[in-house]
J.: 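This is the structure I want to talk about, given as structure tokens.
In each ligand, atom 1 is the first atom listed, and ligand 1 is the first ligand listed. Quick caveat, the model's predicted, so the values are computed rather than measured.
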Amino acid sequence: MEIDILTIFPGMFYGPLSESILGRAQEKGILTVRIHDIRDFSTSKHRVVDDYPFGGGPGMVMKAEPIAAATEHALAARRAAGGAPSRVVMTTPAGATFSQEMAKEFASCDHLVIICGHYEGVDERVSSLVTDRVSVGDYVLTGGELPAMVMVDATARLLPGALGDEESASSDSFWNGILDYPHYTRPRIWRGLEVPEVLLSGDHERIRIWRRKQALKRTLKWRPDLLDQVELTGEDVELLKQVMEDS
Ligand code: SAM
């Protein structure tokens with residue numbers, strides 16, 4: 001998968017993209033991330049990328065032309081290489097909230113372009129180039145760089161081969177619509193707190209059922225809204241009944 005990120009702060013990406021799973025995915029050739037400085041696409045002598053808002057009001061607005069030129073540059077390079085149509089993602093608090101489902105959808109794409117806004121936002125006319133408007137939550141950040149990193153991280157870890165077996169995404173929260181089960185590691189007793197006996201039993205079926213029940217229990221307690229949307233198996237319904245009886 002290839003991702004082009006358009007930003008006026010390229011330096012923000014170098015650490016996060018080179019560490020851990022994202023770094024490894026790039027080393028393995030599963031993921032290519034290119035960072036473009038939007039200022040390189042400004043036609044002004046002083047590499048200006050923002051201007052005062054029409055109609056007045058506070059702050060500055062990112063100009064359409066440098067962002068359009070950077071987007072078209074990324075799209076043209078990709079088109080020359082062939083492949084499926086690209087998605088152009090605008091980071092904005094006004095977008096659809098990013099989710100695991102969206103990460104799965106992005107992970108099935110060959111190419112993403114992510115635009116990081118700043119100041120009061122981006123000239124609205126850039127929308128004509130955008131396929132997706134995505135928010136990372138109902139709060140306002142200074143720029144689109146952190147949202148872009150969140151999207152790249154959540155997407156890249158779903159690419160085949162990005163995670164080792166021991167890090168499999170399939171038991172993670174939201175993968176199957178509910179929260180993950182609790183995890184424990186050595187020592188067996190820590191500050192007087194013991195690891196649940198079943199995890200030491202070596203009985204894989206008992207462990208599977210216990211984990212599923214715990215995942216359902218936490219979901220019911222912390223994110224009951226998720227249970228309205230998920231398709232439960234007969235076993236899940238039975239386990240949930242037990243959870244409610246236990247409490
Ligand atoms: N005036 C804009 C508004 O109220 O919707 C906020 C602009 S914000 C200060 C600057 C940029 O940060 C946005 O253009 C966007 O790229 C990014 N941004 C801020 N919060 C975001 C969020 N929750 N999700 C995605 N991007 C965000």
Side-chain angles (χ1 to χ4, degrees), residues 1-17 22 31 33-44 46-75 78 86-109 111-158 172-174 223 225-226:
M1 175 180 203
E2 297 188 9
I3 303 180
D4 287 282
I5 299 176
L6 317 185
T7 172
I8 54 172
F9 292 109
M12 284 181 72
F13 288 90
Y14 297 133
L17 287 181
L22 285 181
L31 173 71
V33 184
R34 292 177 287 259
I35 311 293
H36 305 272
D37 188 341
I38 297 169
R39 290 186 192 283
D40 293 342
F41 296 85
S42 167
T43 47
S44 85
H46 298 293
R47 294 160 56 84
V48 172
V49 290
D50 60 316
D51 209 333
Y52 293 99
F54 275 127
M60 302 295 275
V61 177
M62 288 188 77
K63 291 161 76 66
E65 188 47 35
I67 292 182
T71 305
E72 280 155 359
H73 167 81
L75 292 176
R78 178 66 200 182
S86 308
R87 301 274 283 262
V88 179
V89 179
M90 174 64 80
T91 55
T92 165
T97 308
F98 190 61
S99 63
Q100 190 70 14
E101 277 313 302
M102 221 184 267
K104 279 187 202 173
E105 200 184 314
F106 285 171
S108 70
C109 299
H111 183 220
L112 292 183
V113 178
I114 305 180
I115 303 171
C116 305
H118 254 273
Y119 315 120
E120 288 304 314
V122 175
D123 187 312
E124 192 60 29
R125 292 167 290 184
V126 170
S127 296
S128 55
L129 294 169
V130 167
T131 59
D132 301 84
R133 299 163 70 82
V134 182
S135 165
V136 287
D138 289 350
Y139 41 79
V140 176
L141 297 161
T142 310
E145 285 73 18
L146 293 172
M149 287 179 216
V150 166
M151 286 180 226
V152 171
D153 189 303
T155 301
R157 67 199 301 285
L158 302 181
D172 281 344
S173 293
F174 311 115
R223 290 293 306 275
D225 56 300
L226 295 176

J.: For Asp132, enumerate each residue passing the salt bridge (Lys or Arg N to Asp or Glu O under 4.0 Å) test, keeping only those at least two apart in sequence or located in another chain.
T.: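 Asp132 satisfies salt bridge (Lys or Arg N to Asp or Glu O under 4.0 Å) with Arg87 once adjacent residues are dropped.
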J.: Can you pull every nitrogen or oxygen pair between ligand 1 and the protein closer than 3.5 angstrom?
T.:
{"from": "ligand 1", "atom 1": "1 (N)", "to": "Glu120", "atom 2": "O", "distance (Å)": "2.9"}
{"from": "ligand 1", "atom 1": "16 (O)", "to": "Thr91", "atom 2": "O", "distance (Å)": "2.8"}
{"from": "ligand 1", "atom 1": "16 (O)", "to": "Thr91", "atom 2": "OG1", "distance (Å)": "2.8"}
{"from": "ligand 1", "atom 1": "16 (O)", "to": "Gly117", "atom 2": "N", "distance (Å)": "3.0"}
{"from": "ligand 1", "atom 1": "20 (N)", "to": "Leu141", "atom 2": "N", "distance (Å)": "2.9"}
{"from": "ligand 1", "atom 1": "23 (N)", "to": "Gly137", "atom 2": "O", "distance (Å)": "3.1"}
{"from": "ligand 1", "atom 1": "23 (N)", "to": "Tyr139", "atom 2": "O", "distance (Å)": "2.8"}
{"from": "ligand 1", "atom 1": "24 (N)", "to": "Val136", "atom 2": "N", "distance (Å)": "3.0"}
{"from": "ligand 1", "atom 1": "26 (N)", "to": "Thr92", "atom 2": "N", "distance (Å)": "3.3"}

J.: For Gly137, does its backbone N or O pair with a side-chain atom of Thr97 as donor and acceptor, under 3.5 Å?
T.: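 No: the side chain of Thr97 does not pair with the backbone of Gly137.
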J.: For residues 52-65, run the donor-acceptor check on the side chains, cut-off 3.5 Å, and write out each pair with its distance to 0.1 Å, sequence neighbours left out.
T.:
none

J.: Could you give the side-chain donor-acceptor pairs of residues 113-121 under 3.5 Å, partners two or more places apart or in another chain?
T.:
{"from": "His118", "atom 1": "ND1", "to": "Thr142", "atom 2": "O", "distance (Å)": "3.3"}
{"from": "His118", "atom 1": "NE2", "to": "Glu145", "atom 2": "OE1", "distance (Å)": "3.0"}

J.: Would you confirm whether Thr155, through its side chain, and Val152, through its main-chain N or O, come within 3.5 Å as a donor-acceptor pair?
T.: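 No, the answer is negative, given that no donor and acceptor are paired below the 3.5 Å cut-off.
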J.: For His73 and Asp4, which I'm curious about, is there any donor-acceptor pair between the side chains at under 3.5 Å?
T.: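 No, Asp4 and His73 have no side-chain donor paired with an acceptor closer than 3.5 Å.
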